[in-house]
Amino acid sequence: MKKLSSYLGSLKLGIVLICLFAIVLIVATFFESSYGTRAVQYSIYKTAWFGLLLILIAINVTFAALKKYPWKKHQVGFVITHLGILVMIVGSFISFWFGVEGNLPLYNNEEKDYMLSDEQTLTLEIPQKNISLTKILNLGPYVKKGALATFSPDPTTEVRVDTFLPYAKVEESIVEDKTSNYEGIKLHLKNPFAAFDQWLLMNETGNEELQVGPATLIFKKLKDASSLHSFLHTKTASQKNSLGELKLTIHNQHWTLPISSSELSKTIPLNGSAFKLKNFQYFSDAQVQNGKLVNRSETLTNPALQFVLEGPEGSEKYISFTNFPNFSSMHQKTTVYNAKVEFMAHDSHVHSSQQHTLYLAVTPNQKLYYKVSSAKENRSGEIVVGKSYDTGWMDLTFTAEQFFPHATKKSSFSPFIPKDPNNPKALPALHLSFFKNGTLTHKEWLEFYENKHVVFEGEHYTISYLPKILPLYFSLHLKQFEMGTDPGTNNPATYKSHVTLKDSAAGGIVQDHLVTMNEPLTHKKFTFYQSSYQNDEEGRPIGSVLSVMYDPGRSLKYAGSLLIVLGILWMFFFKKIYMEAAQEYLKKKETLKLKPEETHAF
Amino acid sequence: MLSKYALPLLILFVSISSSAETLNFKPLETIPIQHGGRIKPFDTFSREVVQLITGKQTFQGMNAVEMVWSWIYSPEKWVQTPLIEITSLEVKQTFGLPKEQRHFTALQIQALPQFSQFSQAVHLKNQAEEKLSPFEQSIDRLSSQLFILDRTLSGEFVTLIPPYEQGETAPWIPLSALASSDIDKIYADPASQVKISELKMTFQGMSESYLQKDPKTFSLTSLKFRQLLSELPKESGYPYVGTLSSEVFYNHFHPFRKAWILYVVSLIFFITFFIFKKKYIDTIGIATSVLAFLLHVFGFYLRCVITGRAPVGTMYESVVWVSLGAVFFSFILFYSYKNLIIVTAASTVSAIGLILADNLPMVLDSTIRPLAPVLRSNFWLTTHVLIITLSYAAFALAMGLGNWAIFKFMKYKNHEKEIKQLVQFIYRSIQIGVLLLAAGTILGGVWADYSWGRFWGWDPKEVWALIALLLYLAVIHGKYAGWLKDFGIVAASILAFQGVLMAWYGVNFVLGVGLHSYGFGSGGLNYVLSYVTLEIGLICFAFLQYREKGHERR
């Protein structure tokens, strides 16, 4: 027993451990440089063997100190330092096991009573049967295959996660699908400066529009011969009167819609969401009169767009002024959807001369026609797949490379190797296989943050892949995030989050706080730090990201730090006296021809 | 008779012609200009711009201020003058430019086929925050040289007119605005309008007198120009004269250059003393190194005044600080051990550090820039950075002494006693370093805990500070275990310093990841690698020599 303890506390083991620890850390930093922070945390710093190495160091440090008991005066510094290291390692383990880390992203005017952890969850719900199953997935930063998680909502059904992509590349393609009623056409557009491919997929309105650079592509479904005739022979250059562009952001999703005068009466669905826009009203020179918005003149003095956003939780009215893009965010009260809208009016005169539109049409018997209108002429005719047609503007030609009478959109997922793993610009994705009585009958890809509706064997499933939510038991409301810049530049100089803390449990606290870099906010056990910010497409800040921490090992780590520094200082003060003594001792030994290795002089 | 007047006439003639050559740019040096996120004197702005474009602070015998005004007055001449420095051979080869030529004209570069395509591609990569290859970095530099030259020639970059009542962060108005009516809209009130039209006229006068080489008018108009600018603003605290003139003084005085020259001089004295053992030479040497140290401190103090913070925010500043610390510790050790070798080693380390800082602007950028948000106004930050870099200074001193000892080992026989002493000094320096590095790393944890909420996050900079500490701990424990003898400690003091170098330079320049990415940059890797190879080679060579001599001894 004594032998074991003297071995565990031996100086030589200590040196070996120090060197081993240093080597592991060197390898780890180079590993991080190539594979990123998540990878190094997952593969080295947060592994059991790394923990074991720290425990070994702690044991060695403890026994090295105990071995010397009873301690002499000159050993005080040494003992304190070693105790400090032990306390610090214990503190780290407590933080690691019992600490909580999370993120709290907030948009301006948003309130949350929960935070998001780094862990990911997959939830499967069958609302009809009142089933809701959630699993925590900690899959790390590497591609994984095999049964990663399994859900069995009933004995005959099994939903299995069988592929995990830490960074997924999502490619949308149009494929032939006999069950679809929509036509798909692949255009190849080319001029001396550029060439690119563009798919157009018909939608339920029978009118698909797409903005490609300065050009607009319109794909129409024609009902009969007379509509074909009017399609081919009506000059359209002046038909479309573009008013401007509307940018919308709802819950981190962005849309950009061209707004033309012909669309004002329509209802426009937002792709990929349940939202619709309707009841548009356009003002070229908006002014508030008697609490209502009116058009004062036809000049573009104060262009504005008003519309109604219709979504699952009711309708809301929005208004956006081109010249005062922040007006709505400043003056609108809290809304349900908290959409950010921005209407950029075109200078209509300039715009119409630059407006180029390529019309494509498909007849009921699956024939394709085109029409290009320019100021000079109107070109139109039938399209033969594979043949090139001149548009008459900017030397642009187009070719219909592929045409599917029945087409559908398909997303394909593939692993993506990010150039900078710390800024991957790609989200993780999961592949799910649905089994009924042991046979695979349905497959689904799901991206992180995605919430999907799936019909499987006649039942409606909702699958969602989201960060794990941790309740705070109080809430934080972001009134405004501010970013200060260096004089005359866009370089951020300060980040400020003006927040309101609301805690009904603690006697209905409502307090305003300012969270800035280096000035966190602490409430109950959590501390909120200014971590980063959220911006819109133009880089303007529209929200803040706070990191949330709870660290129960903090006081131990501070105590350990203090002990280490005091211990080293102590060793310094006594070193001189003690070194002289040791040197005398060494001299004596040399004369006695003893090996200096035996002098474990601490 | 004629000769009676000849001399005065001659004097008059000479004085006219000589004054005609010397236009006085002094009054223009201290004009405040908004550039790179802060208000700086025109002198600093000119130096930075001229340095970026030509690679030097003075070019063709003109100082930077004169050069920039000359660009503004006669742009058409300067676009045809070879000004733009290209150092990358790869760039020259790609565009078929002569290899031996160093400077090229703006017109020449603009006319290069495909240059705009390369430049565009690099711009896109920059926007996507992707890493650039060395070739792309050179293209990036060339693009910004071209862009900044173009904008400076046109006056658009010369933002020295204060904005009208718009707060501290509002962009200033460029000189080019004087040519348009835009400025009349900004300064719309009648009183300002008078000033603005006066400013326009004065600028015109400056321009004409410059071109006609009329020093008197130029001097008068320059002074008037400066005065008018200071009278323009309505509320903000324009002139800032105090700090701006100390910055101009700092620019002209080159305290760190003078310091390294004196360090070198002191080294010469020390070496002379070691060879000839003449009395007083050692005293002169110490006096010189103290003088150098005082200049060094003075320069550091000036930089503190100018930046308004402890200047350890960039690689350049930390090199200056570490050099300072090494000399400081050598004085302390000299006080207790009275051995000249300590100061000699420190002067060598400090001179090398300052020479590098003075001569490698691409790697050690001396520009004063605003700090990243997280670094601002925080006591713990400054403390932990200062203490950690101070530990580097102690380790650098140990390394310098180690190198001295390595040479002694090559002739081991006669130097046994000296080596024993050196090992003692090395060990002492390492102890100081270990204390400071441990304290600094822990304070870093305290700061990280305070501003990010975690004490330790295995960030590469943190980890490398820990690795360096572990390396030196291994040395200390190795000595106690009897594993490291004299040669071992000397070699370890040099080898462990490579860990410091990695923590100090390598994390930012080699690994290039992590939260401490404020001072990130690239370049200089070749210098560092050659240093590392040299040291390792030296140790191996000395080891072989030492072993041979050791055998002989037996």
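Here is how names work: the chains are called A, B, and so on, in the same order as the sequence lines, proteins then strands, and each is numbered from 1. Note that the coordinates shown come from a computational prediction; the quantities given were computed from them, not determined experimentally.
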More than 12 heavy atoms of other residues, nucleotides or ligands under 6.0 Å from NZ of B:Lys125: is that the case? yes

Considering only heavy atoms, which portion of A:Ser547 lies under 4.5 Å from any heavy atom of chain B: side chain, backbone, both, or neither? side chain

Chain A contact via B:Ile442 - which portion, at a heavy-atom distance below 4.5 Å: side chain

What part of A:Phe30 is in contact with chain B, defined as an atom under 4.5 angstrom from a non-hydrogen atom: side chain, backbone, both or neither? both

Side chain from CB out, backbone as N, CA, C, O: work out which of these in A:Phe96 comes under 4.5 Å of a heavy atom of chain B, or both, or neither. neither

Counting only non-hydrogen atoms closer than 4.5 Å, does B:Leu469 touch chain A with its backbone (N, CA, C, O), its side chain (CB onward), both, or neither? neither

Say you draw a straight line from CZ of B:Arg454 to CG of B:Asp459; how long is it, rounded to the nearest 0.5 Å? 6.0 Å

Measure A:Ile26 against the heavy atoms of chain B and call it side chain, backbone, both or neither at under 4.5 Å. both

Over 60° means perpendicular and under 30° means parallel, so classify the ring planes of A:Tyr533 and A:Tyr495, tilted if in between. tilted

Do NZ/NE/NH1/NH2 and the carboxylate oxygens of B:Arg38 and A:Asp486 come within less than 4.0 Å? no

With ring centroids as reference points, do A:Tyr7 and A:Phe63 lie under 6.0 angstrom apart? no

Between A:Ser531 and chain B, with a heavy-atom cut-off of 4.5 Å, which part of the residue counts as in contact: side chain, backbone, both or neither? neither

Could you look at A:Leu25 and say if it's the side chain, the backbone, both or neither that has a heavy atom under 4.5 Å from chain B? both

CG (A:Leu20) with more than 12 external heavy atoms under 6.0 Å: yes

For the residue pair A:Thr29 / B:Trp464, report whether a side-chain donor-acceptor contact shorter than 3.5 Å exists. yes

Between A:Glu101 and chain B, which part of the residue has a heavy atom less than 4.5 Å away: side chain, backbone, both or neither? neither

Heavy-atom pairs under 4.5 Å with chain A - which of B:Asp449, B:Leu473, B:Leu471 has more of them than the others? B:Asp449

